[in-house]
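As the structure lists them, so they are numbered: ligands from 1, and atoms in each ligand from 1. When a residue number appears, it is its place in the shown sequence, counting from 1.
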Amino acid sequence: MAKRKLKIIKLETVDSTNTYLKTLAEKGEREGCVVVARRQTSGRGRHGRSFFSPADTGLYMSVLLRPEASVKESLFITSMTAVATASAIETVSNKKCGIKWVNDIFVEGKKVAGILCEGSFDHDADKVNYVIVGIGVNLCQPKEDFPQELREIATSLGDEGIRDALLEQILNRLFALYDELPSHDFLTEYKERSVLLGERVKVLGNEGVEGVAIDIDEECRLILKADSGETVPLSSGEVSVRLTQ
Ligand code: BTN
């Protein structure tokens, strides 16, 4: 594989690295443009949530991809990014990383990083214009600095000094996996890192559905053995789940 030329834009403060890069993408910016900020004023998470992004305590980055893939195939970029991020964090911090389906990265039972992929698609032609891969990693927030509602569920790696090494590792792993995206080989590691398999989970937004997560299939759906006895495949775009006791 030829080494890819990346264009890295480093910012002090931005509303959201995803939003900033989306504007560049709309103007024709090429694949491989990366935006990194030391602080986000409107960091965004999945399901319309905000992503806590105070100054100098996290790695906030977005990567522009223009995959030559169908719309369906491009949806695997989220799980691919989770594997790249988990393995990069593990290498740089020496902390064991799990993945909570779909794309939360966990260390010692708490969320340390999140991923927000946003795409622009030509559905009629089944083509992808671009995908913005947004990654936020908590590097060194003390527990009491997290908003109250995050204190029990979020954590940080406890080291701000790994920022540059982590950025480099994430980009290396991400593009290595991206080159092999059609193989879906990363799904093996994705399953190995899953913190949900074998655990009881509750489906959010579909009250009453609870059971044990028994598998992640080749389409990256979480397979739930529901308490009703039914086997329910869950698609990431539709639901999220939380661990129960
Ligand atoms: C989530 O946990 O729901 C996803 C969080 C994604 C946060 C990152 S930080 C860099 C990029 N810019 C954003 O506004 N969001 C992503």
* Asked: Are any of the heavy atoms in R49 under 4.0 Å away from ligand 1?
  -> no

* Please determine, by modelled atom types, if E219 and H184 share a side-chain donor-acceptor pair under 3.5 angstrom. => no

* Basic-acidic side-chain contact under 4.0 Å: R193, E189 -> yes

* Asked: Would you say S42 has any N or O atom under 3.5 Å from an N or O of ligand 1, going by distance alone?
  -> no

* Ignoring hydrogens and geometry, is there a side-chain-to-backbone donor-acceptor pair from R44 to S50 under 3.5 Å? -> no

* Structure fact -> atom 6 (C) of ligand 1: closest protein heavy atom, distance to 0.1 Å, is R44 O, 3.5 Å

* Structure fact -> The reported gap from CG in L187 to CZ in F76 (rounded to nearest 0.5 angstrom) is 6.0 Å

* Asked: Looking at atom 10 (C) of ligand 1, what's its closest protein heavy atom, distance included?
  -> T17 OG1, 3.2 Å

* To the nearest 0.1 Å, how far is atom 9 (S) of ligand 1 from its closest protein heavy atom, and which atom is that? -> Q40 NE2, 3.3 Å

* Give a yes or no on whether a salt bridge exists between K127 and D122, defined as a side-chain N under 4.0 angstrom from a carboxylate O. => no

* Do R39 and T57 get their side chains close enough for a donor-acceptor pair, meaning under 3.5 Å? -> no

* To do: Output yes when E152 and K143 qualify as a salt bridge under the 4.0 Å nitrogen-oxygen rule, no when they do not.
  => yes

* Considering only protein heavy atoms, which is closest to atom 3 (O) of ligand 1, and at what distance to one decimal place? -> R46 N, 2.7 Å

* Asked: atom 1 (C) of ligand 1: which protein heavy atom is closest, and how many Å away?
  -> K111 NZ, 3.5 Å

* Just checking, is any N or O donor in the side chain of D15 or S42 under 3.5 Å from an acceptor N or O on the other one? -> no

* Which ligand 1 atoms are under 4.0 Å away from a heavy-atom of M61? -> 10 (C), 11 (C)

* What protein heavy atom sits nearest atom 5 (C) of ligand 1, and how far off is it? -> F51 CD1, 3.4 Å

* Salt-bridge criterion met for K191 and D215 (N-O under 4.0 Å) -> yes

* Under 4.0 Å from any heavy atom of G45, which atoms of ligand 1 are there? -> 1 (C), 3 (O), 4 (C), 5 (C)

* Which segment of T19 sits under 4.0 Å of ligand 1 when only heavy atoms are counted -> neither

* To do: Check N103 against ligand 1 and report side chain, backbone, both or neither, counting heavy atoms closer than 4.0 Å.
  => neither

* Asked: Any N or O on S16 sitting closer than 3.5 Å to an N or O of ligand 1?
  -> yes

